[in-house]
Novice: 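One structure is given below, represented as structure tokens, and several questions about it will come after.
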Amino acid sequence: MKTLSVIIPIYNEEGNIPRLYERLNGVVQQLGVDTEFVFINDGSRDRSIELIRGLASRDRNVRFIDFSRNFGHQIAVTAGLDHCTGKAAVIIDADLQDPPELILDLFAKWQEGYEVVYAKRRARQGEGFLKKLTARYFYRTLKKITSINIPVDTGDFRIIDRKIIEVLKQMPEQQKFLRGQISWIGFRQTYVEYDRDARHSGETGYTYKKMIRFALDGITSFSNLPLKFATLAGFFVSGVAFLLILYALYARFVTRDYVPGWTSLMLAVLFIGGVQLISLGVIGEYISRLSANIRNRPLYIVRDSNTESAGGETQ
Ligand code: UDP
Ligand code: MG
């Protein structure tokens, strides 16, 4: 069992691996604790895996997992967490956008007793205008529509305690949104700030398609608002319809200022519109409960207890 595991997902990073390893090693020397590196090769199409195998043959602390194809960044990190042995694990990108030297600060905070220390981006260099803009609004919207407190401007670069890793293993969700899951788990969480660098070499593995899928995973895993939308719209439309129905009847029978056929047509359209939306909303409510159950999350997580059975895993 190691003190620290460093989890590094790799997708076409041949230009970064040597420099990354060098800088990580420098950090580990300064830390002076027993550390392992877990490289997950997520179906790279370049020479990444050869480089990783080379490192592993020279350094006993290099572990690797080689995927059969590209499964995506979140799954790669999950595999790393499943197979690491550290008392704490750092998740870091391979492209040196997350400066390895910050691990010293993360580690120090972890030693103070925090179970999660995430790295919060102060500035982002070398990323396109659109990426910065979408990221900025995505995190803020997500924070508004979910019931948990997912920190804004934060990626997966963080240190997490073994307790968090063990809970994550009990959350076998198909759609991984790790930063949301980790916020949901709780315990003591804090952050350190840093300036995000530009990519050292190569190009982003997050295409817009992958980014949209990731954003949808985040929203659907932690918010039922889209499902509840039909219910809200249904009540709103029904309310408006009711007023319009009154008006249509008033025009027909009191002022007698009407076009033949208009009243019955309006009544039918308005009534059916409201009923349909409310029915969709009812289905949405059931689906939101179904999806919550299918996620299979534990109902609660115990920090400490003096009962025989519940507190067994805490020290
Ligand atoms: N990555 C991965 N699988 C993918 C895409 C990316 O394992 O399908 C890795 C990548 O090698 C890097 C990290 O995830 O270590 C972050 O990816 P990237 O830098 O491309 O994303 P960005 O920083 O542009 O959001
Ligand atoms: Mg990157």
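In each ligand, atom 1 is the first atom listed, and ligand 1 is the first ligand listed. Scope of the values below: all heavy atoms of this structure, side chains included, with no hydrogens, waters or symmetry mates.
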Novice: Report the distance from atom OG1 of T3 to atom CH2 of W110, rounding to the nearest 0.5 Å.
Specialist: 6.5 Å

Novice: Hey, which atoms in ligand 1 end up nearer than 4.0 Å to a heavy atom of R199?
Specialist: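 Reading through ligand 1 atom by atom, the close ones are 18 (P), 19 (O), 20 (O).
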
Novice: Measuring from the Mg ion (ligand 2), name the closest N, O or S atom belonging to D95.
Specialist: OD2

Novice: Does ligand 1 come near enough to D42 that some N or O of the ligand is less than 3.5 Å from an N or O of the residue?
Specialist: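 D42 vs ligand 1: N/O contact under 3.5 Å present.
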
Novice: How far is atom 20 (O) of ligand 1 from its nearest protein heavy atom, and which residue and atom is that?
Specialist: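 Of the protein heavy atoms, G205 N, 2.5 Å lies nearest.
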
Novice: How about N16 and S201: do any of their side-chain heavy atoms sit closer than 4.5 Å?
Specialist: yes

Novice: Can you confirm whether the side chains of Y139 and R179 place a donor and an acceptor under 3.5 Å from each other?
Specialist: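 The criterion, which ignores hydrogens and geometry beyond distance, is satisfied for R179 and Y139.
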
Novice: Answer yes or no on whether R58 is positioned over the face of F37, meaning its NZ or CZ is under 6.0 Å from the six-membered ring centre and within 45° of the axis.
Specialist: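 Geometry flag: not set, cation outside 6.0 Å or 45°.
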
Novice: So which heavy atom in the protein is nearest atom 25 (O) of ligand 1, and how far is it from that ligand atom?
Specialist: K131 NZ, 2.9 Å

Novice: Nearest protein heavy atom to atom 23 (O) of ligand 1, by residue and atom, and its distance?
Specialist: Q97 OE1, 2.6 Å

Novice: Answer with yes or no after comparing the ring centroid distance for Y11 and H73 against a 6.0 Å cut-off, counting only values under it.
Specialist: no

Novice: Is it the case that atom CZ in F271 sees more than 12 heavy atoms from other parts of the structure closer than 6.0 Å?
Specialist: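 Atom CZ in F271 is not crowded, with 12 or fewer foreign heavy atoms closer than 6.0 Å.
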
Novice: Report yes if I92 has an N/O atom closer than 3.5 Å to an N/O atom of ligand 1; otherwise report no.
Specialist: no

Novice: Please indicate whether any nitrogen or oxygen in A94 is less than 3.5 Å from any nitrogen or oxygen in ligand 1.
Specialist: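 A94 vs ligand 1: N/O contact under 3.5 Å present.
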
Novice: Looking at F253, is R256 sitting on its ring face, NZ or CZ under 6.0 Å from the six-membered ring centre and within 45 degrees of the normal?
Specialist: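 Ring-cation test returns no.
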
Novice: How far is atom 14 (O) of ligand 1 from its nearest protein heavy atom, and which residue and atom name does that atom have?
Specialist: H73 CD2, 3.0 Å

Novice: For ligand 1, which atoms, with element, lie under 4.0 Å from some heavy atom of D95?
Specialist: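 In order of numbering, the contacting atoms are 19 (O), 23 (O).
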
Novice: Give the numbers and elements of all ligand 1 atoms closer than 4.0 Å to a heavy atom of T204.
Specialist: 18 (P), 20 (O), 21 (O), 22 (P), 24 (O)

